[in-house]
Each structure stands twice: as structure tokens, then as C-alpha cells.
**Student:** 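Here you go, one structure.
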Amino acid sequence: METKLLPCLLLAGLLSACANTTNDTTSTPSATSDTQQADSMPALVGPYQVKHQAVDLFFKKPAISNFQLSPNGMHISYLARNEQGRMQLFLKMDGQQDKQLTQVTSQNLDGYLWLDDAHLGYYQDNDGDENYQLNMINIHSGKITNLTPFPSTRVAGVQRIKNKPGKIIFYMNKQDKRYFYPYSLDIKTQKITPEFAWSDELWDPVYDQDGFARIKSRWAPNDDKYEKVEYHYRHPGDMTFSKLITVNKDEDFSIIHFNDATNEIFALTNHNSDKVRVVKFDMDTRQMATVFEHADYDVLGAGFIPQDNELSWVYFAEGKGKLQPLSPTTKKLYQVIESKFSTHFTVNSITQDGKKVILANTDANIPVEYMLFDTETQSFTALGKASPWLKPEHLSDMRPIQFQARDDLTIHGLLTLPRNKEKTNLPIVILPHGGPFGVLDTWGYNPEVQMLAHQGYGVLQINFRGSGGYGKAFFKAGFHQFGTGGMQHDITDGVKWLIEQGIADPKRVMIYGASYGGYATLAGLTFTPDLYACGVDYVGPSNLHTLLMNMDESWGMGREFWLESVGNPYTDIKKLKEISPYYHVDKIKAPLFVAQGAQDPRVKQQESDQIVNALRKRGVEVKYMLKQDEGHGFDKEENQQHFYDEMIDFLASCPANNRI
């Protein structure tokens, strides 16, 4: 099934398509009952004063970020940091001072896009509760309108219709919190219309450039176990759908392009193969042919630029990540970009005619910079640096590595070693990614990694089994492998590999992670208690039984995936308790720092409260930071800085670890 139907605990995007007083808790007091909320301290008052240079360097909100071109290329928008550390929306003005469009004080903007040439849309939730509403702003009048003022409702997947200016399509769980239905909206009238009847058994439509639903999918009929998914297709203008292909529910199938001139469809799929590849369907013959595949890696991205009638590019995770141009036009453009700008970049935005492109470099040890590229004149215009206070000497080199797990499975990862330090016998922070399923760490700028390296730590990121990018078998090898299984073993084997290489000081290995990475931190301290000097759990679950019992309704079908790949809270109670750190707190002996957002809808506060309280009852040292105005990960600048300041102090105070 497509990964967008399988919500992860913490998701990270690969390519872009598109000051209130805080209530907080940082405490290390006496034990409380397991059923009580962990105790709190007075809130932070006023601007936060950063203690460590590394935090100021890497966790001050960007001066500028997320440049976007209007569809016609006449305007450029971007986000910029104000004095309170809040990201605001701006419009570039030729020969004039740039125009500020928003005055958000309570929190940052959660992403935006052009709705048409005169209107921008941006998401906002309430202190991290993830009930995103869509707001629209007129760039000329400055008028802001909330297009979806519905309580406890989440908007997602907003898309502009290329050939129907003024019409957008988005998904919303207003009707049923479990499912996201498609709606269309007319910007002029602001009228919202359901795209299909609620009783329609077909779902997850794919639209063409005219806003016409061409693909829909459904569970295969007469399949009581919901093992297969059917995809249905219709030609432009047709009213009825016909079956295109049936895939297993654990297979990817994502449409990336309609070529109506040749009656062909292009898709990414691993149907009948281990690796995700690009395929082409001839809709006259219903024959499928492979256009591009890699023997060792999934194709993580592929696309067409407006100048091409053939596949333009693909991206996969080989080495530092490889963006491979395929068409003659794309190859020429790539050579220019590579020679004059960067060998590693993302496309932030592109005009409908493909003549203007906004690029951002993604080199791991070069500060992020934005550039406007004119494809006709092949000229570049600098738009600025995201963090101009960052210099190359602040950044450390990140390199791809691989090692063999105990069952001889090849595990890939990334190793960052601090600048101007000996490369042996180092203090190390193991940084497992969130997700975990289908997510992977990729080479590129990472503020957490760079902050830790700046402090003198080596950092190891491990794409353990279950991660994306390495094929279906590798992905499924992570099923039922939490805690005492292969996913955690891969992390442990990565530590042992570092020690064998002489890179890590075995007495100064620490572990830190967010979401699933937080769970892996707790599991590491629980099931390999002699391996780590200390750990930091950031919004991670401690009790898989309560996590799965209390899943938010908006997980929808993703909940079924978790029940099948991790465990069923009704029938697998014993198994879930065996791999839940909360039930094994007697094994934890290393100091622990826990950070949690009170509004988190994914990993609820209970997950942190219960293990903090249980450990304190045993007299184990636990530092607990609870932010009342945050959700699944801290978004506000002052809260991020407070967390990382405390984390630096905590890591430096770990047993056998000298202050760096």
C-alpha cells in the first residue's frame, strides 16, 4: 500500500514539491505514582537566553527559508524569522522593501503554497495538536481568510489545479476522523464541495492537470482480510472507472504522470519486484513495462519537467543520495547546476512552464543557500542563505557507511565526526531515526547532527531494517522486530562496529532519538543496559500496549498496519509488554532525559509520564521536560533552544563522560 496511507510516528520529507509565554516543565524531583502526571515547575517567562553557542548556531530559526514561485513566475514568496523567533510569510518586491504578509505571534507557520497567482495558502494548528486549518492570504490586499474553520479537523494534501486557476483540491477528515476525503474549493466563492459521495467505495483519487480524478483505489472485493488493493482508471472525460491493476497491500503504487498524447501512465511501484521502480502503462494494451530500476535501491522519487515528454529524473539513496537526470534536456540543466551551484540540491519550486526554478543546496557541510535558476538563459540569481551566521568551519563532514548485522544483513548509515578532533576513541551519540517504517536518514545538512558534532561528539545514524529505500524485503524485515528484535539489534551492532573500528570510546556511547528513535533509546537502555552511558528520549513511546490502544482516530488505516507489523493490543498483550521499556524499568540503570509535548496526538503525554514516574519510584535519575504548548516535537524557537541546551548539559554530565 502507498506509504501515505501508513502514518509514521515521525515523518521526514525527501524532496519539496511544494511570542507567547511558554508553559514548560524541566524537573528532577522525587518519585510520584505511576498513574499521576509527572510534576511540573513554573513556566519560562520572556525570551529564552541560550547557554551554548552550538544551540544558537543551529537552533535559531532560519533567517529565510522555503522560497516558492507563483505559478506564472511573476512573484516569489518565502518565510523569514522575526525578532520573536517566529517564521512569517513574505513577498519579494522588485526594487522595494519586501512585503510582510503575516503577523503570527503564537507559533510558526506550518508550511504554505501558492493557490493561484494572487493567493497563498498556509497551514496552522494549535500548539502542535496537528488539527491543521488552511488559511488564504491575498498578496495584494493582505486579507486573510480561514478556508476550513472546522474544529478538531485536519486538512492535508492541498494541491493546485494547473489548468483550472482558482480551483484547489485538498483532503480533510471532517466527515469521519479516521478517513481523509477529497474536497474541491473555488477560491473566488470559497465554496467547498465534496469530490465524491460518502458511500463511494473508491478512495484516494489521483487528479490530472485539469482537476479530473483519473485514478481511484479500493480494497479488492470479496477479500475479507483486506490483503489486496485495486487501482481503477478512467480516460479524460469518462464517467466510469475500469480496473487497472491489483497489488498487495504492502506494495507501493504511486502515479507520477499522465501522458494523454500517447495514452500512457507512469508510476512508481514494487509490484512483482523487491525494489521500487518506474513503470509505464500502455492504456490501449494494458501492458506494463519498466522504465527505470536500480538493483540495490528503491527509486525514492521520479518526475517530469514541463519541457519533457519522457521521464526526466530519478532519485535513490545510493551513497550520498543520487539524483540521476535521464532526458537530454534534464542532463543539460543538471550539468549547469552542478558546475555553477551544487552537486547536491533540491528543487524548492518550479513555474508551470518550467522556465524558472528555485533551488536549495543540500550539502551536509555547507550552509543552506537558495538560488533562482532561469532555465532559458541558464543564469543564477542568489536569493540568500538560510542561516548566514553559519560558516563552513562550524560544520562537520558526514559520510555514508555500512556494516554487517549479526545475521549478515547489510546495514547502511551515516557517520559524522567532529572537525579538528582525533578520529579515534571519541564520545559517540547514536541517533536512530523516527518512523520507523519506510523512513530513512539521508546525507545532507542536519542541525541536530551538526550541533552534536560541534560539541565534539561523533554521531552515527543507522538505517536499520524496516527503513525505506532498500527494497521490500528489507522493509518487511522490520516487522515484529521492535525492542528485543532485529531493528534494535541493528542499532546495537552499529555501536559494536564503531567500537571495533576504534572510533568509539566504549565507555562514552550515548543514545538519543525522537519518536520511534525515542522508543529505540528507551529500548537500548532497557535491553542493552551496559552499552550506553545515558540516553535522551524525545517524544518516544515507552509502552507499546498503551500506544496502540490510544492511537488517534486520524491514523485511520495506518492503525491496522501498526497492529499487523508491531502487535495487536487486544491479542498480543504479552508480546507487547515484553518489548515495552515501561514494563522493564528494573533493567534501566543509566541516566535518562525525557522530553514531551503535552499536545502530542501521536505519542501522548502518558507515554512519557508513566516511565518517568516508574523510574523515579526506583530512584533512577530522570530529567523530564514537558512543554504544554507543543506537540510531536518542539516547533517554537524558545522551546527548541531550551531542549537542546539542556540536552548538551545532560550528555556532558553522563557517567564516564568528561565535559567537552
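All of these numbers come straight from a predicted model, not from anything done at the bench. Worth knowing before you read on, the calculation uses all heavy atoms, side chains too, and leaves out hydrogens, waters and symmetry mates.
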**Student:** Just jot down the ring-ring contact (aromatic ring centres under 6.0 Å, His included) partners of Tyr334, sequence neighbours excluded, or say none.
**Tutor:**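 Here the qualifying residues are Phe345.
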**Student:** Do Asn248 and Lys228 pair up side chain to side chain, a donor and an acceptor below 3.5 Å, judged on atom types alone?
**Tutor:** yes
**Student:** Arg214 pairs by side-chain contact (heavy atoms from CB on, under 4.5 Å) with which of Ile265, Asp260, Ile255?
**Tutor:**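 The single option meeting the side-chain contact (heavy atoms from CB on, under 4.5 Å) with Arg214 is Asp260.
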**Student:** Using ring-ring contact (aromatic ring centres under 6.0 Å, His included) as the criterion, list what pairs up with His545, not counting sequence neighbours.
**Tutor:** none
**Student:** Can a side-chain donor-acceptor contact be found between His632 and Ser515 if the only test is distance below 3.5 angstrom?
**Tutor:** yes
**Student:** Do Tyr516 and Phe464 have ring centroids that are under 6.0 Å from one another?
**Tutor:** yes
**Student:** For Glu195, what residues pass the salt bridge (charged side-chain N to carboxylate O under 4.0 Å, His left out) criterion, not counting sequence neighbours?
**Tutor:** none
**Student:** Is the Lys NZ or Arg CZ of Lys216 less than 6.0 Å from the centre of Tyr233's six-membered ring, within 45° of the axis?
**Tutor:** no
**Student:** Can you list the residues that meet the ring-ring contact (aromatic ring centres under 6.0 Å, His included) rule with Phe180, with sequence neighbours excluded?
**Tutor:** none
**Student:** State which residues pass salt bridge (charged side-chain N to carboxylate O under 4.0 Å, His left out) with Arg234; sequence neighbours excluded, sorted by chain then number.
**Tutor:**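 Partners of Arg234 by the salt bridge (charged side-chain N to carboxylate O under 4.0 Å, His left out) criterion come out as none, since no residue qualifies.
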**Student:** Restricting to ring-ring contact (aromatic ring centres under 6.0 Å, His included), what partner residues turn up for Phe479, sequence neighbours left out?
**Tutor:**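 In terms of ring-ring contact (aromatic ring centres under 6.0 Å, His included), with neighbours along the sequence ignored, Phe479 is linked to Phe437, Phe475, Phe561.
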**Student:** Scan side-chain atoms only and decide if Ser77 and Tyr112 contain a donor-acceptor pair under the 3.5 Å cut-off.
**Tutor:** yes
**Student:** Please tell me whether Phe253 and His271 form a close aromatic pair, meaning their ring centres lie under 6.0 Å apart.
**Tutor:**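 Here the rings of His271 and Phe253 have centres that are no less than 6.0 Å from each other.
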**Student:** Strictly by modelled atom types, are His480 and Lys575 linked by a side-chain donor-acceptor pair under 3.5 Å?
**Tutor:** yes
**Student:** What do you reckon, are the aromatic ring centroids of Tyr171 and Tyr183 less than 6.0 Å apart?
**Tutor:**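 They do not qualify: ring centres at least 6.0 Å apart.
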**Student:** Is a side-chain N or O of Gln107 found less than 3.5 angstrom from the main chain of Asp125, in a donor-acceptor match?
**Tutor:**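 Judged by distance alone, yes, a pair lies under 3.5 Å.
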**Student:** Would you say the side-chain atoms of Ser327 and Asp308 include a donor-acceptor pair closer than 3.5 Å?
**Tutor:**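 Side chains of Ser327 and Asp308: pair found under 3.5 Å.
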**Student:** Verify the distance criterion only: is there a donor paired with an acceptor across the side chains of Glu251 and Asn270 at less than 3.5 Å?
**Tutor:** no
